[in-house]
Protein chains: 2
Amino acid sequence: MTAQVPDAPDGGHGRPVPDATVARLAVYLRVLTELRWAATGPAAPLGHPRTISSADLARLAGVKPANLRRDLTFLGSYGVRGVGYDIHLLTTGISAALGADRSAPVALVGLGNLGQALAGYAGFGGRGFRIAALFDADPQRIGRTVAGLVIQDIGDAGRVCREAGIAIGVIATPEHAAQPVADVLVGAGVRSILNFAPGVLLVPDDVQVRRVDLALELQMLAFHEGRRADPAPTGVAVSS
Amino acid sequence: MTAQVPDAPDGGHGRPVPDATVARLAVYLRVLTELRWAATGPAAPLGHPRTISSADLARLAGVKPANLRRDLTFLGSYGVRGVGYDIHLLTTGISAALGADRSAPVALVGLGNLGQALAGYAGFGGRGFRIAALFDADPQRIGRTVAGLVIQDIGDAGRVCREAGIAIGVIATPEHAAQPVADVLVGAGVRSILNFAPGVLLVPDDVQVRRVDLALELQMLAFHEGRRADPAPTGVAVSS
DNA sequence: GTATGTGAATGGGTTCACAGCC
DNA sequence: GGCTGTGAACCCATTCACATAC
């Protein structure tokens, strides 16, 4: 899926931005933010550069320069030929394009280890969202404070999400709880869900679900590693 | 990168399997395993089906039928026209192709909330890997038991990984510790790294790194949600 | 000279549509 | 009739190479 920008027929920016590009823009933004921070921090090098080349930024972000330049054309022209990109301008531009200057309220459901990690992980800000409410079903957890927020009863999620205008939910519960939680969130007006539980969620067509399977990432790494070690495909254990 | 299977000139399988396909195969395998479990479990429906059609399996896995059939052709022919796929045969086939019947030992570094979540998450088995060693730098954590394993000192990681023949590492530490940890792992012979810390790791070319940025997933969800709510694209509000 | 912006080529992956087989 | 297996078309994304601008 690509993000469709309705109509901007004439010059300048306003093309649909590919999903892959959006992901990389977020990476560039993080790198640039660190750069600016380093430049204004205590150990600011004299003559901090105001610009950066696509080659340098690409190296820091782990992509190819051509790919980066292509990505930036979706925002318009922030670069100067022969010179590079103005760091401040570029930062502002990417941030605006990503909507990272807003902070959409997010509900996080399930505060086991993963949920707590997410609550802490996302504490930064400047990323386009903020964790605004925490929910769990375990009475032992309800009422405790995590990352500055009190964990509330999942039973209250509908009301709370509606009142706070929360449109994004994160599910970090065990597998069996994921579907019921999704139902509650959808009922409360949530339109986008990030799901860390295994399995496919059933939701209305207009609700967007993004799934992250942590074990899958490891499984793929193990697969590639296995292929490296042992060329034989349908693996009968060879001598070792 | 695609996984190159060197030579299987005659019949059967042996083509390079696209990365995207590998990821989906893992999903099919999980769905099939749950199916078989349900069929032999306490509430086994009478006349449990021995086969499944691409349409049904695709729906359960959340993909299109044609895509699934294309994926399965990389393994060879496990289906029967007019009937479907033999569930048992298909399960075995995918498992073998993915190397999910082996269990590569994995070292997990960093046992904060995320690390503990991963240690528990990956407890299943049948996924091609097993968590074999835990490391942390915090004396408060070293010696404690998580998911049946004792947390060891990161200083011992080199020796332990070498002795255990560990080729896969997971980094779930804070950002500032990621690079030194990667250096230690690479020094110990680790060839594949799954990195949950932000930032790019510098490693030798022959070491494969896979990065997962949890906040990035949320950021992309927020981006799409923002686009839905507010059509106005590039709000270059600033011109200072 | 140096670095951006971009047409054009390339490569991968998905989807269609139907031939082939049960 | 039903469903798989697959050539072909399509779409998206990356990469090259160079015209363009400073």
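Reckoned from all heavy atoms, side chains included, excluding hydrogens, waters and symmetry mates. Quick note on labels: first sequence line is chain A, next is B, and so on, each numbered from 1.
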Verify, without hydrogens or angle tests, whether A:Ser95 (side chain) and A:Thr91 (backbone) share a donor-acceptor contact under 3.5 angstrom.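 No: the side chain of A:Ser95 does not pair with the backbone of A:Thr91.
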
Is a side-chain N or O of A:Gln179 found less than 3.5 angstrom from the main chain of A:Leu202, in a donor-acceptor match?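 Judged by distance alone, yes, a pair lies under 3.5 Å.
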
Let's see if you can work this out: which of [options] has an atom nearest to the side-chain heavy atoms of [X]?
{"X": "B:Ser77", "options": "C:dT4, D:dT14, D:dG5", "answer": "D:dG5"}
{"X": "B:Arg81", "options": "C:dC16, C:dA19, C:dT6", "answer": "C:dA19"}
{"X": "A:Val80", "options": "D:dA13, D:dC22, C:dG7", "answer": "D:dC22"}

When rounded to the nearest 0.5 angstrom, what is the spacing between CG in A:Leu214 and CG in B:Leu194?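 Here the rounded value is 8.5 Å.
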
Looking at CG of B:Leu118 and CZ of B:Phe196, how far apart are the two atoms once the value is rounded to the nearest 0.5 Å?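 Answer for the CG-CZ pair, B:Leu118 versus B:Phe196, is 4.5 Å.
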
To the nearest angstrom, how far is [X] atom [atom1] from [N] atom [atom2]?
{"X": "B:Arg70", "N": "C:dG13", "atom1": "CZ", "atom2": "C1'", "value": "9 Å"}
{"X": "A:Asp86", "N": "D:dC22", "atom1": "CG", "atom2": "P", "value": "15 Å"}
{"X": "B:Arg24", "N": "C:dG12", "atom1": "CZ", "atom2": "P", "value": "15 Å"}
{"X": "A:Asp56", "N": "C:dT2", "atom1": "CG", "atom2": "P", "value": "14 Å"}
{"X": "A:Tyr85", "N": "D:dA21", "atom1": "OH", "atom2": "P", "value": "16 Å"}
{"X": "A:Arg59", "N": "C:dA3", "atom1": "CZ", "atom2": "P", "value": "13 Å"}
{"X": "B:Asn67", "N": "D:dC11", "atom1": "CG", "atom2": "P", "value": "16 Å"}
{"X": "A:Leu68", "N": "D:dT14", "atom1": "CG", "atom2": "C1'", "value": "13 Å"}

Mapping A:Gly82 and A:Asp71 to their closest nucleotides on DNA chain D, which lands nearer the 5' end?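 In this pair, the answer is A:Asp71.
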
Using OP1 and OP2 only, check whether a side-chain N or O of A:Ser54 sits under 4.0 Å from C:dT4.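 Answer is yes, contact under 4.0 Å.
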
Answer whether the closest heavy-atom distance between the side chains of B:Leu57 and B:Tyr85 falls below 4.5 Å.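 Not touching, per the 4.5 Å side-chain cut-off.
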
Scan B:Thr21 against the nucleic acid and name what it touches under 4.0 Å (heavy atoms): base, sugar-phosphate only, or nothing.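 Touches nothing.
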
Return whichever of A:Gly84 or A:Ala66 has its heavy-atom-nearest nucleotide of DNA chain C closer to the 5' end.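 Its nucleotide being nearer the 5' end, the pick is A:Gly84.
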
